[in-house]
Amino acid sequence: MRSKPSSPSKRRSATTLLERLGLSTPLDFVLHFPIRYEDQTSLQTISVATPGRHLQIEGEVVSSEVIYRPRKYLTAQFRDNTGTIQLRWLNFYPSQIQQMQAGKRWRVRGEIRAGYQGLEMVHPKVSSPSQPLPTSLTPVYPSTEGLAQRAIRQHIETALQTVDLSDTLPPAVVQAYGLLSFEQAVDILHRPKPGDDLVCLEDRTHPAWLRVKFDELLAQQLSLAYAREQRRERRAEPLLPPTDRISLADKLLAHLPFQLTGAQQRVVAEIHADLAQSYPMHRLLQGDVGSGKTVVAALAAMRAIDNGKQAAVMAPTEILAEQHFLKLEPWARALGLRCVWLSAGLRAPVKRKALAEIACGQAQLVVGTQALIQSGVEFHDLGLAIVDEQHRFGVSQRLSLGGKALGGLPHQLTMSATPIPRSLAMTFFGDLDVSVIDERPPGRLPVKTKLVSASRRTQVIEGLRDSVNKGGQVYWVCPLVEESEALQLQTAVDTHEMLRQALPGLTVGLVHGRMSAADKTEVMQRFKTGEISVLVATTVIEVGVDVPNASQMVIEHAERFGLAQLHQLRGRVGRGTRESVCVLMYEPPLSAEAKYRLKAMYETDDGFEIARRDLQLRGPGEFLGARQSGLSLLRFADFEADAHWVTRAKELAQRLRQEYPDIARRHINRWMQGREAYLNG
Ligand SMILES: Nc1ncnc2c1ncn2[C@@H]1O[C@H](COP(=O)(O)OP(=O)(O)OP(=O)(O)O)[C@@H](O)[C@H]1O
């Protein structure tokens, strides 16, 4: 059958639809692989029909009719020698009524479903039994509404004939890793033969898939390695320890009331070694809640200041930034250094003074919020930028602090309390160096987690009195009300009032996001000094708040919070030597997912394990947030299921770059076409 030539507007819309699927270059089409295959090479019988199965059957229409209620549809009884099924069309042409007249013979194809009147096929494909059966399997491609499979197939067939499919990898490598050739793999995926293992092809474990996944992972590892190499080609002033006096870092260590843990010592050594290089440090510091990241950051800052440079610490929220300031400022002061606070909420004269000190270099350490990267902030000589909870900032904001340095990029340290599982870190953060604090300060007791139904609220409130009588302090976290900030605020105010009445004689405080910075500071300070015993709070306290004497936390409507968020919140207690309790109060009935989250919280307090489970629940896209753009790069490989191949791809990437840079370039070019944005993101 000859198809009519399509009009320009139709062609345009088909192009738009293809672009929506990410298909524009011939290579895009080659790499657009089927989601499943239909075996139209043979016929089946109605006797094997079960719901969910795709069948192709030849038979005869027994009867047909148009039903008008509750909806208009065309139905036909269809039988072969082994049984009968229903065929059904919700939208149909008058010609289809003719087509389904009793006695006509057809070949029909489609998925079997369980309908009200037994097994049925909805909108089956109908063809004449006299048509020859195809000899190869028919691929079914991911598509979008309005785009026919036939159109995609045609583009792919054309692309397969024009694109150079020769191998980017030398035969020795292909053989050593037990891979199929690239061309062979592509051919099998698009045109499997009837004997090929369809199950493996569809669940993506077939060797043809392995080849494609391996190539993709290799390209990704190569591009990450190049990004890292590019960074190393940039210049930064090496920050070396002084040789003629005691270093500020050593002075700070002598001043601290505690000894660094082994993990903290290791991580500080890694950072100091980076800072001594002549290219910019780009290190991610990971540590579970309460593992002591702040002091590590301070020791890094000391090295910069020792070299006559400034160091800046930026945090995403006012409360978090302020917590850093409250810890860092006294340490700096004790060493005779000037630490300055900068936030949007500062009064004009105070801000002017801070800006002037930053610009002339008098401020050696600067702590603040996004205000640090706003125009008008000029550093005299920024040597080290420390960004906390980097995933909460946009990429551009992070880069912006980096750009503040005069004469070359400053060294950068990003800190995160959201541990990233190893395989994920390797896949997506391969361009950063990673340090992990995997040990908590000594004497910390694990936080006891209790799951309590909201119906036992009164007992929970009574329990608070006990905690306070034993000398501890309590956080009461108000439920998350995503739909309305005003409602969330109201809940916090009501809870505060309720607890004040229920706990006469105890000082109950309130802190929430809508309070002025000064009011928040005052309340936090009163909690820190112990004047407030019970602090009602919204999630503003989620990260960074450090009051070691707090030994109990109650989280209301815990089922509404995400796993990472619950872990961060719980991390606000158990920061001293007191035995601590976290009460997760929930409102039944719980959804399966909420149950999974609460169970995970009950079972473990290891941040890495929590992260692993959270990742399982949410998938890497949501988990990583800001890096999402980079994620689209992995279209085929699954960083977790294919973790073993990630390691192998990393090894090979290193070898290729050193020994065969041309091959590495060729490989990367094939895979990264049009995706350079990732390298720069
Ligand atoms: N080696 C150590 N020995 C004893 N106490 C320590 C040690 N290191 C840090 N601390 C104390 O432990 C508490 C937690 O440290 P810090 O606030 O730096 O944790 P963090 O890693 O930033 O945690 P979070 O991400 O939860 O804010 C602080 O009170 C800090 O002074």
J.: With the side chain counted from C-beta on, respond yes when Ser64 and Ile97 share a heavy-atom pair under 4.5 Å apart, and no when they do not.
T.: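 SC-SC contact between Ser64 and Ile97 ruled out.
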J.: Taking the side chain as everything from C-beta on, heavy atoms only, tell me whether Asn81 gets closer than 4.5 Å to Thr45.
T.: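 Side chain of Asn81 against side chain of Thr45, heavy atoms only: no contact under 4.5 Å found.
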J.: Within this structure, what is the CD-CG distance for the pair Glu556 and Leu584, rounded to the nearest 0.5 Å?
T.: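 The CD atom of Glu556 sits 12.0 Å away from the CG atom of Leu584.
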J.: Checking Thr84 against Gln77 for the side chain to side chain donor-acceptor pair (under 3.5 Å) test, could you report, in this order, the C-alpha distance in whole Å, the side-chain angles of both residues, the deciding distance, and whether it holds?
T.: CA-CA 7 Å; Thr84 308; Gln77 285 249 15; 4.7 Å; no
J.: Give the intermediate values and the outcome of side chain to side chain donor-acceptor pair (under 3.5 Å) for residues Tyr37 and His190.
T.: CA-CA 9 Å; Tyr37 303 87; His190 285 296; over 6 Å; no
J.: Taking it one step at a time, do Tyr226 and Arg665 satisfy side-chain contact (heavy atoms from CB on, under 4.5 Å)?
T.: CA-CA 10 Å; Tyr226 279 116; Arg665 280 275 164 218; 3.5 Å; yes
J.: Kindly state whether the ring of Phe78 and the ring of Trp106 have centres lying under 6.0 angstrom apart.
T.: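 No: the rings miss the under 6.0 Å criterion.
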J.: Is there a side-chain contact (heavy atoms from CB on, under 4.5 Å) between Leu18 and Ser24? Walk through the geometry before answering.
T.: CA-CA 7 Å; Leu18 289 168; Ser24 47; over 6 Å; no
J.: Is it the case that more than 12 heavy atoms not belonging to Arg648 sit under 6.0 Å from its CZ atom?
T.: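 Atom CZ in Arg648 is crowded, with more than 12 foreign heavy atoms closer than 6.0 Å.
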J.: Check Arg612 with Glu609, please: is the shortest side-chain N to carboxylate O separation under 4.0 Å?
T.: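 Looking at Glu609 and Arg612, the cut-off is met.
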J.: Side chains of Leu87 and Leu74: does their closest heavy-atom pair fall under 4.5 Å?
T.: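 Heavy-atom side-chain distance check fails, nothing below 4.5 Å.
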J.: When rounded to the nearest 0.5 angstrom, what is the spacing between CD1 in Ile112 and CG in Leu119?
T.: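 These two atoms lie 6.0 Å from each other.
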J.: Around atom CD of Gln654, are there more than 12 heavy atoms of other residues, nucleotides or ligands at under 6.0 Å?
T.: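 Counting other residues, nucleotides and ligands, CD of Gln654 stays at 12 neighbours or fewer.
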J.: Quick one: do Asp605 and His567 satisfy side chain to side chain donor-acceptor pair (under 3.5 Å)? Show the steps, please.
T.: CA-CA 8 Å; Asp605 73 342; His567 181 65; over 6 Å; no
J.: Judged by modelled atom types alone, do Gln98 and Gln101 share a side-chain donor-acceptor pair under 3.5 Å?
T.: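 Result is yes, a qualifying pair exists.
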J.: Below 4.5 Å, heavy atoms only, C-beta onward: do Ile663 and Thr168 meet side chain to side chain?
T.: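 Counting from C-beta outward, Ile663 and Thr168 never come under 4.5 Å.
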J.: Going by an N to O cut-off under 4.0 Å, is there a salt bridge joining Glu216 and Arg211?
T.: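 No.
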J.: Supply the atom-to-atom distance Lys193 NZ to Thr41 OG1, rounded to the nearest 0.5 angstrom.
T.: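 Between atom NZ of Lys193 and atom OG1 of Thr41 there are 12.5 Å.
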J.: Spell out, as yes or no, whether a donor-acceptor pair under 3.5 Å connects the side chain of Asp164 to the backbone of Ser166.
T.: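 A pair under 3.5 Å: yes.
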J.: Let me confirm one number: the CD1-CG distance from Ile156 to Leu31, rounded to the nearest 0.5 Å.
T.: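 Result: 10.0 Å between the selected atoms.
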J.: If you take all heavy atoms of Arg657 and Ala225, which pair is closest and at what distance?
T.: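 The answer is NE-CB, 3.3 Å.
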J.: Test the Arg204-Phe33 pair against the cation-pi criterion, namely NZ or CZ under 6.0 angstrom from the six-membered ring centroid and within 45° of the ring axis.
T.: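 Relative to the ring axis of Phe33, which defines the angle, Arg204 lies outside at least one limit.
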J.: Do any N or O atoms from the side chain of Thr82 and from the backbone of Ser47 form a donor-acceptor pair under 3.5 angstrom?
T.: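 Looks like yes, one N/O pair under 3.5 Å.
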J.: Do Arg153 side-chain atoms and Pro139 backbone N/O form a donor-acceptor pair below 3.5 Å?
T.: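 Such a contact is found between Arg153 side chain and Pro139 backbone.
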J.: Would you check, one step at a time, whether the test side-chain contact (heavy atoms from CB on, under 4.5 Å) holds for Ser42 with Gln56?
T.: CA-CA 8 Å; Ser42 59; Gln56 178 164 249; over 6 Å; no
J.: Keeping the roles fixed (side chain from Gln221, backbone from Leu218), state whether a donor-acceptor pair exists under 3.5 Å.
T.: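 Side chain of Gln221 to backbone of Leu218, a donor-acceptor pair under 3.5 Å: no, none is there.
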J.: Arg88 vs Glu120, test: salt bridge (Lys or Arg N to Asp or Glu O under 4.0 Å). Steps then yes/no.
T.: CA-CA 7 Å; Arg88 200 146 66 88; Glu120 63 176 14; 2.9 Å; yes
J.: Can you see which heavy atom on Arg613 is nearest to which on Ala600, and at what distance?
T.: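 Answer, listing the atom of Arg613 first, then Ala600: NH1-CA, 3.4 Å.
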J.: Nearest 0.5 angstrom please: Cys582 SG to Leu569 CG, how far?
T.: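 So the SG of Cys582 and the CG of Leu569 are separated by 8.0 Å.
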J.: Are Arg191 and Glu157 ion-paired here, with the side-chain N under 4.0 Å from a carboxylate O?
T.: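 Result for this pair is yes, salt bridge flagged.
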J.: So which heavy atom on Leu23 is nearest to which on Asp28, and how close?
T.: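 Heavy-atom minimum between the residues: CD2-O, 3.5 Å.
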J.: Would you call Arg670 and Asp167 a salt bridge, using N to O less than 4.0 angstrom?
T.: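 Judged by the 4.0 Å cut-off on N to carboxylate O distance, Arg670 and Asp167 do not form a salt bridge.
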J.: Where do His557 and Tyr586 land on the ring pair (Phe, Tyr, Trp, His ring centres under 6.0 Å) test, with the steps shown first?
T.: CA-CA 5 Å; His557 274 291; Tyr586 62 86; 9.9 Å; no
J.: Going by salt bridge (charged side-chain N to carboxylate O under 4.0 Å, His left out), Glu38 matches just one of Arg109, Lys125, Arg53. Which one?
T.: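 Between Glu38 and the candidates, salt bridge (charged side-chain N to carboxylate O under 4.0 Å, His left out) is satisfied uniquely by Arg109.
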J.: Please report the closest heavy-atom contact between Leu189 and Pro192, naming both atoms and the distance.
T.: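 For Leu189 versus Pro192, the nearest heavy atoms are O-CD, 4.0 Å.
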J.: Looking only at atom types and distance, does a side-chain atom of Arg570 sit under 3.5 Å from a main-chain N or O of Met601, one as donor and one as acceptor?
T.: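 Present.
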J.: State yes or no: are the ring centers of His123 and Tyr73 separated by less than 6.0 Å?
T.: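 His123 vs Tyr73: aromatic centres not under 6.0 Å.
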J.: Measure across Ile67 and Arg69 and return the closest heavy-atom pair with its distance rounded to 0.1 Å.
T.: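 In this case the closest contact between Ile67 and Arg69 is CG2-O, 3.4 Å.
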J.: I'd like to know whether Arg107 forms a salt bridge (Lys or Arg N to Asp or Glu O under 4.0 Å) with Glu58, so could you lay out the CA-CA distance, the side-chain angles of the two residues, the decisive distance to 0.1 Å, and finally the verdict.
T.: CA-CA 4 Å; Arg107 181 184 299 158; Glu58 277 183 14; 2.9 Å; yes
J.: Would you give the length of the straight line joining atom CH2 of Trp671 to atom CZ of Arg666, rounded to the nearest 0.5 angstrom?
T.: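 Here the interatomic distance stands at 14.0 Å.
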J.: Stepwise, does the side-chain contact (heavy atoms from CB on, under 4.5 Å) test hold for Phe29 with Thr158?
T.: CA-CA 9 Å; Phe29 285 101; Thr158 315; over 6 Å; no
J.: Start with the C-alpha distance between Asp606 and Thr604, add both sets of side-chain angles, then the distance that settles side chain to side chain donor-acceptor pair (under 3.5 Å), and finish with yes or no.
T.: CA-CA 6 Å; Asp606 172 357; Thr604 178; 5.1 Å; no
J.: Is a donor on one side and an acceptor on the other found under 3.5 Å between the side chain of Asp215 and the backbone of Val212?
T.: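 Not a single qualifying donor-acceptor pair exists.
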J.: Does any part of the side chain of Tyr141, heavy atoms only, come nearer than 4.5 Å to the side chain of Ile35, both counted from C-beta?
T.: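 Contact flag for Ile35/Tyr141 side chains = no.
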J.: For Tyr93, is there any backbone N or O sitting under 3.5 Å from a side-chain donor or acceptor partner on Gln96?
T.: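 Yes; at least one donor-acceptor contact below 3.5 Å.
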J.: Look at Arg655 together with Glu651 and state whether they make a salt bridge at an N to O cut-off of under 4.0 Å.
T.: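 Not counted as a salt bridge, because no side-chain N and carboxylate O are separated by less than 4.0 Å.
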J.: Just by distance, do the side chain of Asp80 and the backbone of Gly59 share a donor-acceptor pair under 3.5 Å?
T.: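 Looks like no, no N/O pair under 3.5 Å.
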J.: If only atom types and distance count, is the side chain of Glu559 paired as donor or acceptor with the main-chain N or O of Glu587 below 3.5 Å?
T.: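 Side chain of Glu559 to backbone of Glu587, a donor-acceptor pair under 3.5 Å: yes, one is there.
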J.: Heavy-atom distance under 4.5 Å between the side chains of Leu160 and Asp187, does that happen here?
T.: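 Leu160 does not reach Asp187 side chain to side chain.
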J.: Looking at His206 and Ile188, what are the two nearest heavy atoms and their distance?
T.: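 Residues His206 and Ile188, closest heavy atoms: CE1-CG2, 3.8 Å.
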J.: For the backbone of Gly607 and the side chain of Asp288, can you confirm whether one donor and one acceptor N or O come within less than 3.5 Å of each other?
T.: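 Flag set: sc Asp288 to bb Gly607 pair under 3.5 Å.
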J.: Could you check Val140, Thr138, Leu201 and say which one makes a side chain to side chain contact (heavy atoms under 4.5 Å, CB included) with Arg36?
T.: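 With Arg36 as partner, side chain to side chain contact (heavy atoms under 4.5 Å, CB included) holds for just one option, Val140.
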